Amino acid sequence: MVLQAYKPGADEPRAEDIRLGLTASRKVGGAVVRNRARRRLRALAREVLPRHGARGCDYVLVARGDTATRPWPDLVEDIEAALRRLGHWR
RNA sequence: CCAGACGGCUGGACGGCCGCUGUUCGCAGCUCUUCGCGAGAUCGGUUGCGGAUGGAGGAAAGUCCGGGCUCCACGGGAACGCGGUGCCGGGUAACGCCCGGCGGGGGCGACCCCAGGGACAGUGCCACAGAAAGCAUACCGCCGGCCCCGGGCGCGCGAGCGUCCGGCCGGUAAGGGUGAAACGGUGCGGUAAGAGCGCACCGCGCGCUCGGCAACGAGGGCGGCACGGCAAACCCCACCGGGAGCAAGACCAAAUAGGGGCGACACGCCGGGCCUAGGCCCGGCACGCGGGUUCCCGCGCCGUCGCCCGGGUCGGUCGCGCGAGGCGCCCGGUAACGGGCGUCCCAGAGGAAUGGUCGUCCCCGCCCUUAAAGGCGGGACAGAACCCGGCUUACAGGCCGUCUGGCAAA
RNA sequence: CGGAGCGUGGCGCAGUCUGGUAGCGCACUUGCAUGGGGUGCAAGGGGUCGUGGGUUCAAAUCCCGCCGCUCCGA
């Protein structure tokens with residue numbers, strides 16, 4: 001998947017919570033496939049982001065072609081690698 | 001047993017962990033209505049926790065029809081226009097849907113397919129080929145005549161005769177060969193050659209009788225062939241249709257900007273005059289409002305602050321699921337369907353929930369194996385957005401029933 | 001939710017209304033011309049007309065279903 005992050009500046013009001021956005025475009029597949037991809041991404045974010053994501057950050061997860069069918073452990077590795085590349089891992 | 005036709009049902013099962021959401025009950029916090037001096041009680045809302053319970057489909061899809069519902073328009077109705085439908089009867093709230101029947105076509109059969117009204121209301125088209133493509137005609141032929149005509153050949157001494165080719169007049173439409181389609185087809189008679197010219201059968205047309213509610217069918221009679229196809233070409237006839245769509249529509253209602261009213265401070269630009277600064281007066285111009293047709297008259301005048309009023313936007317609430325509802329039994333009907341009784345409550349999201357993950361079983365394929373065990377991969381089409389009745393399209397696998405053809409056995 | 005348009009050689013488009021012959025430009029191939037290339041001249045190849053049915057003697061064209069793409073309105 002694609003992981004996008006937005007870190008608010010010091011002058012902006014900053015919440016403690018992590019805010020999440022999900023995207024599954026028509027390119028990914030039909031309505032069923034898009035729904036499934038979005039749900040898997042939501043479950044993935046619930047599992048990983050509160051523990052390892054940066055506090056007060058906004059994240060957007062974008063589904064790609066095989067998000068609905070990729071094995072679950074691979075998906076977990078993907079998001080963890082993405083967080084490390086952003087320097088948000090903790 | 002094999003092959004096939006039709007109709008119906010189903011659309012993986014169980015469990016562990018972690019989640020989302022509707023309803024309802026309990027507790028707690030906040031808020032609010034009413035009562036009370038007060039403690040508090042009470043109606044409702046909202047948030048959190050806990051318990052109970054519900055949570056995608058047969059097509060939820062495509063958005064091709066028909067309705068409910070809501071708003072808009074309209075005095076009633078009709079006509080014109082536009083769009084749609086099109087054998088007959090029935091079902092239904094309605095339909096372009098469904099059922100039954102008729103006609104045509106396909107299949108040995110079960111059965112399947114068909115927009116299937118009108119071509120004497122009119123207009124139009126039928127390429128190429130062919131003589132001719134729609135009112136009918138006559139190119140090649142075939143037949144007869146020529147005392148009138150031209151030419152060739154043969155016979156004859158000769159007038160002439162015979163024959164062939166051509167011309168002219170008349171009869172004919174059987175044959176030609178094209179084409180998707182040719183003014184009926186086959187056979188017999190008939191004739192100079194032919195022709196529905198006559199006859200039989202078939203086809204066609206028009207009455208009659210009988211059966212059927214009807215579409216239509218059956219029988220018999222007459223006509224003697226005249227009436228080609230295309231209306232999913234224009235069109236004619238009959239019937240149907242007001243428009244938009246839940247982002248319909250109703251209600252509550254921020255911040256900011258803007259509108260109106262009241263009050264306070266305050267009074268646009270140019271020229272001239274008065275006066276120490278700063279303001280005042282007169283005339284003109286610009287703007288707003290009101291009144292009588294261009295034009296004129298009257299009144300007001302920038303802005304700032306405070307209070308109040310109304311409209312829109314963000315947001316929120318409703319619409320929003322008891323319905324032409326599901327299931328079971330009985331009755332009527334060939335059936336679609338209708339009636340009665342009993343029983344059940346069955347998703348309601350909103351940048352959009354109904355799930356994520358793991359395990360066991362089931363089914364299918366591949367590998368290994370004599371087999372078992374085992375390993376790997378896969379489990380269809382597809383996701384509600386106001387609701388309902390249909391149509392169309394997609395769909396792995398499985399189950400049930402009825403029927404047809406063939407083979408075998410009894 | 002409602003509506004409109006498009007699909008034809010490799011590419012961009014005609015032809016569809018009014019049914020019988022699929023055409024144009026660029027590109028491609030071959031030859032000539034040039035020392036070579038470009039340009040020019042001549043000749044040539046290449047199209048299930050998106051798809052499945054139907055009407056018709058005959059369908060790119062008329063009718064119906066489906067697929068894909070684009071656009072518009074609320």
Side-chain angles (χ1 to χ4, degrees):
Chain A
M1 83 294 286
V2 174
L3 175 67
Q4 298 175 330
Y6 175 73
K7 200 161 203 162
D11 53 336
E12 291 182 74
R14 183 165 176 168
E16 273 300 293
D17 298 331
I18 289 173
R19 299 195 299 175
L20 179 68
L22 298 167
T23 293
S25 77
R26 219 157 50 117
K27 256 189 192 169
V28 172
V32 174
V33 176
R34 293 170 65 199
N35 266 337
R36 182 163 166 79
R38 211 177 312 128
R39 285 166 182 151
R40 295 190 86 194
L41 290 181
R42 181 180 295 124
L44 195 65
R46 259 182 61 81
E47 202 165 284
V48 176
L49 289 182
R51 208 162 51 237
H52 300 299
R55 199 164 283 143
C57 217
D58 294 346
Y59 289 103
V60 174
L61 282 169
V62 182
R64 302 307 289 261
D66 60 344
T67 302
T69 54
R70 190 166 170 79
W72 183 251
D74 294 354
L75 221 50
V76 175
E77 276 179 34
D78 289 344
I79 191 171
E80 288 176 354
L83 282 170
R84 285 197 187 91
R85 281 183 62 181
L86 286 169
H88 287 199
W89 178 266
R90 64 184 171 87

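Computed from a predicted structure; not experimentally measured. Letters go in sequence order (proteins before strands), and every chain restarts at 1.
Put simply, the side chain of A:R38 never gets that close to the backbone of A:A24: no donor and acceptor are under 3.5 Å apart.
Comparing A:P73 and A:L22 by the nucleotide of RNA chain B that holds the closest heavy atom to each, the one mapping nearer the 5' end is A:L22.
Pairing partner, B:A5: B:U402, with both Watson-Crick or wobble hydrogen-bond distances short of 3.5 Å. Both distances falling under 3.5 Å, in either a Watson-Crick or a G-U wobble arrangement, place B:C208 opposite B:G219. Figure legend. B:U163 is base-paired to B:G152; pairs are counted as Watson-Crick or G-U wobble with both atom distances under 3.5 Å. A 3.5 Å limit on both hydrogen-bonding distances identifies no Watson-Crick or G-U partner for B:A119. B:G224 makes up no base pair with any nucleotide shown, lacking Watson-Crick or G-U wobble contacts both under 3.5 Å. Summarising the base pairing, B:G100 is matched to B:C88 through a Watson-Crick or G-U wobble pair whose two defining distances lie under 3.5 Å. For C:C49, there is no paired base (Watson-Crick or G-U wobble, both distances below 3.5 Å). Across all strands shown, B:C395 forms no Watson-Crick or G-U wobble pair with both distances under 3.5 Å.
Heavy atoms of A:R46 sit under 4.0 angstrom from primed sugar atoms or phosphate atoms, though from no base atom.
Between A:R39 atom CZ and B:A352 atom P there is a gap of 12 Å when expressed in whole angstrom units. Counting to the nearest Å, the P atom of B:A382 and the CZ atom of A:R34 are 15 Å from each other. Counting to the nearest Å, the C1' atom of B:G355 and the CD atom of A:E47 are 14 Å from each other. Remark: C1' of B:C18 and CZ of A:R40 are 15 Å apart, rounded to the nearest angstrom. When rounded to the nearest whole Å, the span between CD1 of A:I79 and P of B:G356 equals 17 Å.
The phosphate of B:C20 has neither OP1 nor OP2 within less than 4.0 Å of any side-chain N or O from A:R38.
Taking atom P in both B:C210 and B:C108, the straight-line distance is 42 Å, to the nearest Å.
Of the listed nucleotides (B:C18, B:A353, B:G356), B:G356 has the atom at the smallest distance from the side chain of A:A43.
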